[in-house]
Participant: 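Below are the structure tokens for one structure; questions will follow.
The first residue in the sequence is number 1, and the count goes up from there. In what follows, every heavy atom counts, from backbone to side chain, and hydrogens, waters and symmetry copies are set aside.
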Amino acid sequence: GWRGGALRRLLPSSFLLSPPWKSECLFLNGTQRVRLLDRAFYDRQEFLRFDSDLGKFVAVTALGEATADKCNGDKQIIQYRKVSLPP
């Protein structure tokens, strides 16, 4: 998947040994609109998320800024995320 492949070169190996990801779908207006949040954690603190409303990775803390910049700069990762979103 995209986490194991493309992000492997962006994140330190310690993040990949036990992937600290949590995905959640928020259903707004019944099922008319679905928002995906794919959230990354380190030491029980969220540091990075992919927000389908924005269509990009967003740094939640200073730790996630460099990773968000790298992920957003990689068109392959962004394209994969956009294609895998619900219609």
Side-chain angles (χ1 to χ4, degrees):
W2 71 277
R3 288 185 193 144
L7 282 183
R8 189 175 312 275
R9 65 182 183 273
L10 300 174
L11 295 174
S13 60
S14 60
F15 289 125
L16 299 170
L17 295 176
S18 176
W21 293 91
K22 179 182 178 187
S23 299
E24 63 182 89
C25 288
L26 305 174
F27 295 93
L28 310 168
N29 203 13
T31 57
Q32 295 290 324
R33 191 165 151 248
V34 179
R35 180 180 182 194
L36 170 71
L37 292 176
D38 207 6
R39 303 161 59 198
F41 293 84
Y42 179 73
D43 197 23
R44 295 188 217 157
Q45 182 178 13
E46 182 182 10
F47 70 96
L48 176 72
R49 74 173 59 145
F50 178 83
D51 188 334
S52 66
D53 277 357
L54 300 175
K56 66 179 186 174
F57 288 87
V58 178
V60 178
T61 65
L63 176 64
E65 289 178 13
T67 307
D69 290 342
K70 288 179 185 179
C71 290
N72 289 328
D74 189 327
K75 293 182 187 262
Q76 182 181 4
I77 294 173
I78 297 299
Q79 184 62 28
Y80 182 85
R81 296 304 298 138
K82 288 181 179 180
V83 169
S84 64
L85 294 175

Participant: Is any side-chain heavy atom of I77 less than 4.5 Å from a side-chain heavy atom of F50?
Facilitator: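 No, their side chains stay 4.5 Å or more apart.
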Participant: Does any part of the side chain of F27, heavy atoms only, come nearer than 4.5 Å to the side chain of V34, both counted from C-beta?
Facilitator: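 Result yes, sub-4.5 Å side-chain heavy-atom pair found.
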Participant: Which heavy atom in A68 sits nearest to a heavy atom in A59, and how many Å separate them?
Facilitator: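 Looking at all heavy atoms of both residues, the closest pair is CB-N, 3.9 Å.
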Participant: If every non-hydrogen atom of Q45 is compared with every non-hydrogen atom of T61, which pair is closest and at what distance?
Facilitator: NE2-CG2, 3.4 Å
Participant: What I'd like to find out is whether the side chain of I78 reaches to under 4.5 Å of the side chain of F57, using heavy atoms alone.
Facilitator: yes
Participant: Identify the two heavy atoms, one from L26 and one from E24, that lie closest to each other, and give their separation to 0.1 Å.
Facilitator: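 Where L26 meets E24 most closely, the heavy atoms are CD2-OE2, 3.5 Å.
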Participant: Considering residues at least two apart in sequence or located in another chain, which fulfil the side-chain hydrogen bond (donor to acceptor under 3.5 Å, both in side chains) criterion with D69?
Facilitator: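 Applying side-chain hydrogen bond (donor to acceptor under 3.5 Å, both in side chains) to D69 gives none.
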Participant: Provide the closest heavy-atom pair for R35 versus L28 in the form atom of the first, atom of the second, distance.
Facilitator: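 Closest pair (atom of R35, atom of L28, distance): CB-CD1, 4.4 Å.
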Participant: Indicate, with yes or no, if L48 and Y42 share a hydrophobic cluster defined by side-chain heavy-atom contacts under 4.5 Å among Ile, Leu, Val, Met, Phe, Trp and Tyr.
Facilitator: yes
Participant: Are any non-hydrogen side-chain atoms of D51 and L37 less than 4.5 angstrom apart?
Facilitator: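 D51 vs L37: side chains touch.
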